[in-house]
Amino acid sequence: MAEVDGSTGHGLETLAIHAGQPANPLTGDVVVPIHQTSTYAQDGVGGLRSGYEYSRSANPTRTALEECLAALEGVGLDAAATGLAFASGLAAEDVVARALCEPGDHVLLPDDAYGGTYRLFARVLERWGLTHTAVPLGDLDAVAAAVTDRTRMIWCETPTNPLLNVADISGLAAIARPSGARLVVDNTFASPYLQRPLALGADVVVHSTTKYLGGHSDVVGGAAIATDPEVVEALRFHQNAVGSVPGPMDCWLVLRGIKTLGVRMDRHCDNAEAVVAMLADHPAVASVNYPGLADHPGHHLAASQMKRAGGMVSFRLHGGEDAALKVCESTRIFTLAESLGGVESLIEHPARMTHASVAGSALEVPSDLVRLSVGIETVDDLLADLEQAIG
Ligand SMILES: *Cc1c(COP(=O)(O)O)cnc(C)c1O
């Protein structure tokens with residue numbers, strides 16, 4: 001089979017299974033092997049057989065994943081290798097920030113960013129000299145007003161975690177471009193199956209591949225995809241210099257997960273829609289956050305930039321924090337755990353778990369909020385489980 005990449009007009013499900021993964025010409029392996037090696041024999045000094053020298057710089061299993069990730073985000077292989085796989089989502093974020101910014105620069109962050117992202121900027125990158133302002137990304141006037149002559153990067157997450165707010169990716173790109181800032185979109189919640197930020201004007205897409213791309217809660221990983229060769233070069237240099245690379249086994253697990261991305265995402269969306277319909281009618285539930293709901297403030301925007309609204313749902317309870325904690329501790333199929341995006345349904349209390357690190361800051365989340373990562377189990381079992389837990 002000929003090369004399949006993001007420029008060949010193939011559908012996302014085809015790219016997920018084939019991009020970067022041609023059958024091995026020597027052995028015919030249909031699946032890319034786990035190249036569990038740190039170094040590569042050279043034919044004479046500097047005579048690399050296929051470009052590989054040392055596995056911090058590159059490894060064939062990682063290359064396959066990187067080419068596949070780039071294709072999923074709509075990038076062709078003709079644009080050189082434009083995807084980078086990382087040891088975790090935060091490792092990708094750290095390299096993106098340091099590659100695009102200098103000490104003394106300024107960054108805009110969403111005022112409801114993923115807690116780990118906020119901690120990275122507030123507790124690590126600030127010490128390195130990178131300042132930030134947290135803004136409501138849904139308000140483009142507020143974003144434009146917060147841009148300074150040192151702003152080098154606008155960090156966008158959409159939909160956001162855990163409030164499921166939606167930001168206008170093309171609107172943000174239109175603010176970033178004239179001010180010389182790069183727009184980075186954390187596409188973890190949507191996955192490339194539901195949303196492709198590069199086509200909407202983003203400069204860099206980052207992922208925690210731990211979530212929907214890996215999809216099975218069995219691996220931690222990250223990714224960054226960009227098209228500007230200067231940006232890609234800076235990302236590669238920084239990643240190789242600091243060494244935040246994933247091992248071959250982890251790359252293989254993410255690649256394997258990606259093959260079923262399309263069918264999983266459709267089922268995540270189907271099940272989330274059913275859960276949302278049940279919660280919206282439940283007397284103990286005060287409000288439901290889901291961009292697929294017609295009365296969600298970001299509904300029209302989500303419909304214009306996302307294929308469907310995704311598998312993440314959050315809701316508030318009339319009974320306050322006690323009620324939220326009780327629901328989180330009473331489900332039998334939804335597992336009480338951090339993380340998201342795997343085949344199994346998860347439930348958590350953001351204020352005390354994923355977002356505990358932002359308590360007392362502008363990013364604090366309501367204590368009566370429960371977050372669900374709706375999995376792909378039988379939907380009636382999920383509905384019955386939530387009904388019994390909410391009571
Ligand atoms: C999990 C997550 C991250 C961090 O990724 P890790 O793989 O845990 O380092 C970043 N952004 C979002 C939206 C996430 O959900």
Side-chain angles (χ1 to χ4, degrees), residues 65 69 73 83-98 107 109-125 132 134 137 153-167 169 184-195 197 202 204-225 239 242-247 250-251 253-254 257-258 265 268 289 291 306 309-314 337-342 346-348 350 353-358 363 365 369 371-375:
L65 171 60
L69 287 165
E73 290 292 354
L84 285 85
F86 287 85
S88 71
L90 280 169
E93 295 188 20
D94 181 55
V95 163
V96 167
R98 290 181 208 255
V107 174
L109 297 179
D111 68 356
D112 57 350
Y114 171 71
T117 298
Y118 184 72
R119 181 177 54 200
L120 173 68
F121 282 94
R123 310 262 307 268
V124 179
L125 294 169
H132 65 270
L137 287 195
M153 185 165 76
I154 299 178
W155 194 274
C156 167
E157 229 182 271
T158 182
T160 62
N161 176 24
L163 297 174
L164 286 310
N165 291 323
V166 180
I169 297 173
V184 180
V185 176
D186 181 339
N187 202 25
T188 299
F189 266 41
S191 90
Y193 183 69
L194 300 179
Q195 175 172 279
V204 182
V205 170
V206 301
H207 281 284
S208 168
T209 58
T210 315
K211 315 295 171 49
Y212 287 107
L213 286 165
H216 295 74
S217 304
D218 53 9
V219 61
V220 170
I225 300 105
Q239 182 186 45
V242 301
S244 45
V245 298
D250 287 353
C251 293
L253 283 168
V254 176
I258 284 174
M265 290 314 293
H268 282 296
N289 302 313
M306 296 177 74
M312 297 302 296
V313 177
S314 65
E338 300 199 354
S339 199
L340 61 111
L346 302 179
I347 190 166
E348 68 120 1
M353 295 171 65
T354 45
H355 289 63
S357 65
V358 296
L363 287 85
V365 296
L369 186 79
R371 187 187 80 178
L372 303 176
S373 172
V374 180

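Remember, it's 1-based here, ligands and their atoms both numbered in the order they're listed. What you are looking at is a predicted structure, and each value in this text was computed from that prediction instead of being measured.
- Panel note: side chain Thr160, backbone Asp112; no donor-acceptor pair is recorded below 3.5 Å.
- The distance from ligand 1 to the heavy atoms of Thr210 drops below 4.0 Å at these ligand atoms: 7 (O).
- Closest protein heavy atom to atom 1 (C) of ligand 1: Lys211 NZ, 1.4 Å.
- Ranking the protein heavy atoms by distance from atom 3 (C) of ligand 1 puts Tyr114 CE2, 3.3 Å first.
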Requested in this report: Check step by step if ring pair (Phe, Tyr, Trp, His ring centres under 6.0 Å) holds for His132 and Tyr118.
Outcome: CA-CA 10 Å; His132 65 270; Tyr118 184 72; 5.7 Å; yes
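- Heavy-atom proximity to Gly221, at under 4.0 Å, picks out these atoms of ligand 1: 7 (O).
- Residue Leu90 places at least one N or O, backbone or side chain, under 3.5 Å from an N or O of ligand 1.
- Distance alone, capped at 3.5 Å, places no donor-acceptor pair between the Gln239 side chain and the Ala91 backbone.
- Residue Leu340 approaches ligand 1 through these ligand atoms, each under 4.0 Å from one of its heavy atoms: 15 (O).
- Residues Asn187 and Leu194 have side chains not in contact (no heavy-atom distance under 4.5 Å, counting atoms from C-beta outward).
- Using a 4.5 Å cut-off on side-chain heavy atoms (C-beta onward), Leu137 and Asn165 make no contact.
- Close contacts between ligand 1 and Asp186 involve ligand atoms 10 (C), 11 (N), 12 (C), 13 (C) [criterion: under 4.0 Å to a heavy atom].
- Without hydrogens or angle criteria, Ser373 side chain to Leu340 main chain gives no donor-acceptor distance under 3.5 Å.
- Short contacts between ligand 1 and Glu93, defined as distances under 4.0 Å to a heavy atom of the residue, involve ligand atoms 10 (C), 11 (N).
- A heavy-atom separation below 4.0 Å is not found between Thr209 and ligand 1.
- Distances between N or O atoms of Ser208 and those of ligand 1 include at least one value under 3.5 Å.
- Using a distance-only test at 3.5 Å, with no hydrogens or angles considered, no donor-acceptor pair links the side chain of Ser88 to the main chain of Gly221.
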